[in-house]
Undergrad: 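Please see the structure below; I have some questions.
Residue numbers start from 1 in every chain, and the chains themselves are labelled A, B, ... in the order their sequence lines are given, proteins ahead of strands.
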There are 2 protein chains.
Amino acid sequence: MAEQAEGFRRSREARRNALTDDYVEMIADLIATDGEARSVDIACRFGVTQATVAKTILRLKREGLVAAERYGALHLTDSGKAKAADARARHQVVVAFLKRIGVSPDIAERDAEGIEHHVSEETLAAFARLSG
Amino acid sequence: MAEQAEGFRRSREARRNALTDDYVEMIADLIATDGEARSVDIACRFGVTQATVAKTILRLKREGLVAAERYGALHLTDSGKAKAADARARHQVVVAFLKRIGVSPDIAERDAEGIEHHVSEETLAAFARLSG
DNA sequence: TTGAAATGTTAGCTATGGCTAAGTCGAAGA
DNA sequence: TCTTCGACTTAGCCATAGCTAACATTTCAA
C-alpha cells in the first residue's frame, strides 16, 4: 500500500502549499490592480486579522517568495512571481472548465479556489483541452 | 470584498475538514474490506505514524464520529457512517468524472483525493450528469 | 504458559495558522 | 510642527497535525 500512502502524502503536501499559493496569487493581484500590496488589504480580502497575515508573510519571506522592508509594501521575488503566475494560470483553467460544464460563475470561482491546488498536470491539460 | 473573504473562509473550512473525511472514509473502507479497522492499518495506508493516528482518532471521538474501546478496533458512530458514505459517494463521482474526460485511472484516483473535499453540490451534480 | 513481537497509548517536541492585546511607526491634517 | 489615526509588528494564547521515544497491552508461537 505504499502507493496509496504516496497519494495521501501528495494530498497533505497540496494542503500545505495551498495557503502559500493563495498568498502569492493575492499579492500579484493586488499589485496588478492597486499598484501595491499592503498587509491590511490581504487581511481584508482573506477575512483574517493583520497579525495572521504578518505571521504568514514572515514564512513567505523565509521561503524566498516575498520581499519587503519594515512597514513597506510587499513585493514578490522572481520565484514568487513565477509561483503566482502558475497559480493564476491554473485558477483560470479550472474556472473556465467549470463554467464550460455548466457551473454558475460564482460557484465556479469559489470551487476553483479549492480545486486548483489539487489538479495534476494531466487533469489540468484535460480541463484546458475541453474548455476550448 | 466580504464575499471574497467568504470564499476563502470556505476554502479554509474545507481544508480543515479534509482530514476528517479521509479518516472516516478510510475506516469505513477498512471495515468493509478487512472486517475491522485498526490504527496500524490506517497509519500504514496514510503513510503516517501510529502516534499521529492515535491523536487524530482522539479528536474524531471527541467529535462523535468514531467509537472504540482501549486497545480495541475502531467503529464509526451513525454520524461517522453518514459522513463516510457521503465522502465515498463524492469520491466516486469525482473519480468517474475524471476518467470520463480522459484522465488515466491512477491519476484520477490521486487527484480525486484532493478535489473531492472542495466541490460544491452544484459542481458535483455537473460531474455526475456528465459522466453518464 | 510464558515471553517476544505486534499493536496501541502517552508525553513531549516542532511548525503552522488562527486569534487578541499591546506596542511601534509613518503620514496626513489641525 | 505636532498630534493623531491607520497600518504594521510583536508577544503570547490555542488547536491541529506531524514526529520520536518510551511505555502498556494483547496476541501468538514456542
Side-chain angles (χ1 to χ4, degrees), chain A residues 1 5-27 30-31 34-63 65-75 113-114 117, chain B residues 1 5-24 26-27 30-31 34-75 113-114 117:
Chain A
M1 296 301 153
E6 180 60 19
F8 284 106
R9 199 198 54 75
R10 274 170 192 279
S11 196
R12 283 198 301 273
E13 181 78 6
R15 259 172 251 168
R16 261 203 316 133
N17 289 143
L19 195 69
T20 299
D21 287 352
D22 286 345
Y23 267 75
V24 294
E25 207 176 342
M26 178 65 79
I27 292 170
L30 285 168
I31 291 173
D34 298 359
E36 65 175 15
R38 311 291 321 200
S39 293
V40 64
D41 298 315
I42 296 175
C44 177
R45 295 233 215 157
F46 281 149
V48 298
T49 64
Q50 282 189 50
T52 296
V53 171
K55 197 183 285 190
T56 303
I57 292 296
L58 271 186
R59 176 171 66 79
L60 298 182
K61 283 183 185 172
R62 235 174 32 230
E63 292 173 0
L65 297 169
V66 167
E69 292 168 13
R70 267 175 81 96
Y71 301 98
L74 304 171
H75 302 280
E113 194 52 59
H117 308 291
Chain B
M1 295 301 151
E6 180 60 16
F8 284 105
R9 199 198 54 74
R10 274 170 192 279
S11 196
R12 283 198 301 272
E13 181 79 5
R15 258 172 251 166
R16 262 203 315 134
N17 289 145
L19 195 68
T20 298
D21 287 353
D22 286 346
Y23 268 75
V24 294
M26 177 66 79
I27 291 170
L30 285 169
I31 290 173
D34 297 0
E36 65 174 15
R38 310 291 320 198
S39 293
V40 65
D41 298 315
I42 295 174
C44 177
R45 296 232 215 156
F46 281 149
V48 299
T49 64
Q50 282 188 50
T52 296
V53 171
K55 197 182 283 189
T56 303
I57 293 297
L58 272 186
R59 176 171 66 78
L60 298 182
K61 283 182 185 172
R62 235 176 30 232
E63 292 173 359
L65 297 169
V66 167
E69 293 169 12
R70 267 176 81 96
Y71 300 99
L74 304 171
H75 302 280
E113 195 51 59
H117 309 290

Undergrad: Is there a side-chain contact between R9(A) and V48(B), using heavy atoms and a 4.5 Å cut-off?
TA: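 With C-beta onward as the side chain, the pair stays apart.
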
Undergrad: Want to settle it: does Y71(A) or A51(A) sit nearer the 5' end of DNA chain C, counting the closest nucleotide to each?
TA: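 That would be A51(A).
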
Undergrad: First contact, last contact: which nucleotides of DNA chain D are these for chain B, 5' to 3', heavy-atom distance under 4.0 Å?
TA: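 First and last nucleotides in contact are dT16(D) to dT26(D).
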
Undergrad: Figure out the CG/P separation between D41(B) and dT7(C), and round it to whole Å.
TA: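 Atom-to-atom, D41(B) to dT7(C), this comes out as 8 Å.
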
Undergrad: Quick check: on DNA chain D, is the nucleotide nearest R70(B) upstream (toward 5') of the one nearest V48(B), or the reverse? Name the residue that is more 5'.
TA: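 That would be V48(B).
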
Undergrad: Please tell me if R59(A) has a side-chain N or O lying less than 4.0 Å from either OP1 or OP2 of dG17(C).
TA: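 Affirmative; the distance criterion is met.
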
Undergrad: On a heavy-atom basis, which atom in C44(B) and which in A5(A) lie closest, and how many Å separate them?
TA: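 Between these two residues, the closest heavy atoms are O-CB, 3.7 Å.
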
Undergrad: For the residue pair R38(B) and L30(B), what are the closest heavy atoms and their distance?
TA: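 For R38(B) versus L30(B), the nearest heavy atoms are O-CD1, 4.5 Å.
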
Undergrad: Taking any heavy-atom pair under 4.0 Å as a contact, classify T52(A): base, sugar-phosphate, or nothing.
TA: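 Touches a base.
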
Undergrad: How are the rings of F46(B) and F8(A) set to each other: parallel, tilted or perpendicular (split at 30° and 60°)?
TA: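 Rings of F46(B) and F8(A): perpendicular, over 60°.
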
Undergrad: What are the two closest non-hydrogen atoms of A68(A) and L74(A), and how far apart are they?
TA: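 Looks like CB-CD2, 3.7 Å.
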
Undergrad: Checking all strands, does R62(B) fall into the base, sugar-phosphate, or nothing category for heavy-atom contacts under 4.0 angstrom?
TA: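 Sugar-phosphate, backbone atoms only, no base.
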
Undergrad: Quickly work out the R45(B) CZ to dT7(C) P distance and round it to whole Å.
TA: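 Result: 14 Å.
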
Undergrad: From CD of E36(A) over to P of dG26(C), roughly how many Å is that when rounded to an integer?
TA: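 About 15 Å, once rounded to whole Å.
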
Undergrad: Would you please confirm or rule out a distance under 4.0 Å between OP1 or OP2 of dT7(C) and any side-chain N or O of Q50(B)?
TA: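 No, outside the criterion.
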
Undergrad: Figure out the CD/C1' separation between E69(A) and dG26(C), and round it to whole Å.
TA: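 Going from CD in E69(A) over to C1' in dG26(C) covers 14 Å.
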
Undergrad: Specify the separation, in whole Å, of atom CG of L30(B) and atom P of dT7(C).
TA: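 One finds 13 Å between P of dT7(C) and CG of L30(B), rounded.
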
Undergrad: Where along residues 10-25 of chain A does a heavy atom come under 4.0 Å from DNA chain C, residue by residue in number order?
TA: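 Residues of residues 10-25 of chain A under 4.0 Å from DNA chain C: L19(A).
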
Undergrad: For D22(B) and R45(B): C-alpha separation, side-chain torsions, deciding distance, then whether salt bridge (charged side-chain N to carboxylate O under 4.0 Å, His left out) applies.
TA: CA-CA 11 Å; D22(B) 286 346; R45(B) 296 232 215 156; over 6 Å; no

Undergrad: To the nearest Å, how far apart are F46(A) CZ and dG17(C) P?
TA: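 Answer to the nearest Å: 12 Å.
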
Undergrad: Give me the atom names and distance for the closest heavy-atom approach of A73(B) to E36(B).
TA: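 Between these two residues, the closest heavy atoms are CB-OE1, 3.6 Å.
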
Undergrad: Would you call E13(A)-R10(A) a salt bridge at under 4.0 Å N-O?
TA: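 Salt bridge absent between E13(A) and R10(A).
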
Undergrad: With a 3.5 Å distance limit and no angle check, can you tell me whether T56(A) reaches the backbone of T52(A) through a side-chain donor-acceptor pair?
TA: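 Answer holds: yes.
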
